[in-house]
Amino acid sequence: MTNNFNDIMIIGGGPAGLTAALYVRRAGYGVTLFEGEIPGGKLNLTTDIDNYPGAPKTEGAPLALAMHTQAEESGAEIVYEKIESVTLSDADGHKTITTENGEYMCRALIIASGSENRKLGIPGEDKLSGRGVSYCATCGGGFFLDKTVAVCGGGDTALEDAQYLARMCEKVYIIHRRDKFRGSAANVERTKRLRNVEFVLESTPVEITGGVNIIDADVVEGIRVKNNKTGDITLLAVSGVFIAIGYTPVTTFLPVGTLELAHDGSIITDTEMRTSVPGVFAAGDVRNTPLRQIVTATSDGAVAAASAVKYLDENI
Ligand SMILES: Cc1cc2nc3c(=O)[nH]c(=O)nc-3n(C[C@H](O)[C@H](O)[C@H](O)COP(=O)(O)OP(=O)(O)OC[C@H]3O[C@@H](n4cnc5c(N)ncnc54)[C@H](O)[C@@H]3O)c2cc1C
């Protein structure tokens, strides 16, 4: 039976939340973690992972299962309910969590609800996701060695993705709907200096085309782009499409104006993962972090747990 009160509660069972749960239990406090879908978070969307230290060539789902099992065996209570709203403080400093099944209270809260990648919303994008369409160059770039790929976007992430991919790919197109980039001038200059990056400006992606490979799996074969001035549509032959048009941190359950947020909607924390409200911590992709990866999410989760434990020690 689920306890309606616990020392620490965690929203989100991805790498950040599961690691936080493990570290809270190791410190001897009770912890309840809420997961609205399946444990492991975005790990479940990842087929091949080759950049998590100590686990080369692993897959997302088994890593998710291992993290989940380890957290559960440590004594963390895992509840499969979606958080609808939270109240961050009452007179006793308690935090209240509301799900469709009821209310729960805790003394410290860790928010580890991740972020959602923005999509282009064009034909072929969903069908070929994980089959050449990716939202993370650092994660998937290694699979496109000596191939031609496209990056869609005009901010610093898109420019940095193009620079990163140019190191391993034969050619990189960077497709942007305007003639000027939102990214920094220095980043634009660095990208322009790369001989294997071609700028496709004032152009909008309209379709990602696919075919089948030798084992009959769907794979990306190209991207159709429309020139915004002339209306002409061109097909660029590429094996990968990296979409870098932003992300949306998942904070819909937060009451407006309660936590300090960055301009992109991510939760602002200090290096100890403390938010602007005492006893509320954030970890992983939902916070204003410069890198959204498994290794940074697990690291944040461990730090958030240590800070939440310290908060309880000091406030009992
Ligand atoms: C396709 C893809 C491939 C990737 N490949 C790699 C890679 O190779 N290497 C790498 O290091 N990183 C990779 N990443 C990035 C990595 O997966 C993320 O950085 C990491 O999962 C972030 O962990 P997190 O715990 O912060 O968030 P998430 O993994 O997003 O987990 C958040 C969890 O919170 C839950 N949640 C959200 N809202 C609620 C709510 N209201 N109530 C209850 N639960 C809620 C969600 O269901 C989810 O399970 C990849 C990402 C994608 C999308």
Side-chain angles (χ1 to χ4, degrees), residues 10 12-20 23 40-56 58 60 63-64 67 110-118 130 133-144 149 151-169 172 174 181-184 186-188 190-191 240 242-251 260-275 281-307:
I10 299 172
L18 291 169
T19 307
Y23 273 71
K42 284 207 283 291
L43 285 184
N44 296 296
L45 303 178
T46 314
T47 41
D48 301 297
I49 297 168
D50 62 359
N51 59 359
Y52 192 60
T58 189
L63 186 60
M67 285 188 189
I110 299 174
I111 302 172
S113 44
S115 66
E116 286 168 2
N117 295 304
R118 283 206 198 115
V133 173
S134 171
Y135 299 85
C136 176
T138 331
C139 320
F143 302 106
F144 295 89
V149 299
V151 174
C152 304
D156 280 317
T157 306
L159 291 161
E160 283 165 24
D161 282 359
Q163 292 163 25
Y164 178 82
L165 292 163
R167 284 183 227 140
M168 61 202 81
C169 298
V172 180
I174 179 158
F181 283 88
R182 267 180 296 110
S184 71
N187 237 340
V188 174
R190 259 197 301 279
T191 315
F242 290 85
I243 299 164
I245 55 170
Y247 52 85
T248 309
V250 180
T251 58
E260 204 184 332
L261 303 179
H263 71 279
D264 62 359
S266 59
I267 299 173
I268 294 180
T269 69
D270 63 12
T271 53
E272 292 177 48
M273 306 302 142
R274 291 180 296 204
T275 70
F281 306 84
D285 284 7
V286 73
R287 78 174 191 97
N288 62 326
T289 172
L291 189 63
R292 288 182 164 80
Q293 292 279 272
I294 306 161
V295 72
T296 46
T298 54
S299 165
D300 282 2
V303 175
S307 299

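Values in this document were obtained by computation on a predicted structure and should not be read as measured data.
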Note to self: Quick one, D156 with R182, criterion side chain to side chain contact (heavy atoms under 4.5 Å, CB included). Give me CA distance, side-chain angles, the key distance, then yes/no.
What the structure shows: CA-CA 7 Å; D156 280 317; R182 267 180 296 110; over 6 Å; no
Between [atom1] of [X] and [atom2] of [Y], what distance do you get to the nearest 0.5 Å?
X: S113; Y: I267; atom1: OG; atom2: CD1; value: 6.0 Å
X: L291; Y: T296; atom1: CG; atom2: OG1; value: 4.5 Å
X: F242; Y: C136; atom1: CZ; atom2: SG; value: 8.5 Å
X: S307; Y: Y23; atom1: OG; atom2: OH; value: 13.0 Å
X: R292; Y: T138; atom1: CZ; atom2: OG1; value: 11.5 Å
X: N51; Y: C139; atom1: CG; atom2: SG; value: 6.0 Å

If only atom types and distance count, is the side chain of [X] paired as donor or acceptor with the main-chain N or O of [Y] below 3.5 Å?
X: T298; Y: I294; answer: yes
X: T157; Y: A244; answer: no
X: Q163; Y: N187; answer: yes
X: D300; Y: A283; answer: no
X: D50; Y: T58; answer: no

Any idea which heavy atoms bring [X] and [Y] closest together, and the distance?
X: I268; Y: A262; result: CG1-N, 3.5 Å
X: A112; Y: V286; result: CA-CG1, 4.3 Å
X: F281; Y: E272; result: CD2-O, 4.2 Å
X: A302; Y: T19; result: N-CG2, 3.9 Å
X: A158; Y: G154; result: CB-N, 3.9 Å
X: C152; Y: I245; result: O-CG2, 3.8 Å

Item checked: Y247/Y135 aromatic ring centres below 6.0 Å ->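 No, the ring of Y247 stays outside the 6.0 Å limit from the ring of Y135, centre to centre.
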Can you tell if the side chain of [X] reaches within under 4.5 Å of the side chain of [Y], non-hydrogen atoms only?
X: V250; Y: E116; value: yes
X: V172; Y: D161; value: no
X: T269; Y: R274; value: no

Margin query: Applying the side-chain contact (heavy atoms from CB on, under 4.5 Å) criterion to V151, which one of L165, T191, I243 satisfies it?
Written below: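 Going through L165, T191, I243 one by one, the side-chain contact (heavy atoms from CB on, under 4.5 Å) with V151 is satisfied by L165 alone.
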Checklist line | Ion pair check, D285 and K42, cut-off under 4.0 Å | finding: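 Salt bridge present between D285 and K42.
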Notebook entry, point to check: Just checking, is any N or O donor in the side chain of R287 or S266 under 3.5 Å from an acceptor N or O on the other one?
Noted result: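 Per modelled atom types, R287 and S266 side chains form no pair under 3.5 Å.
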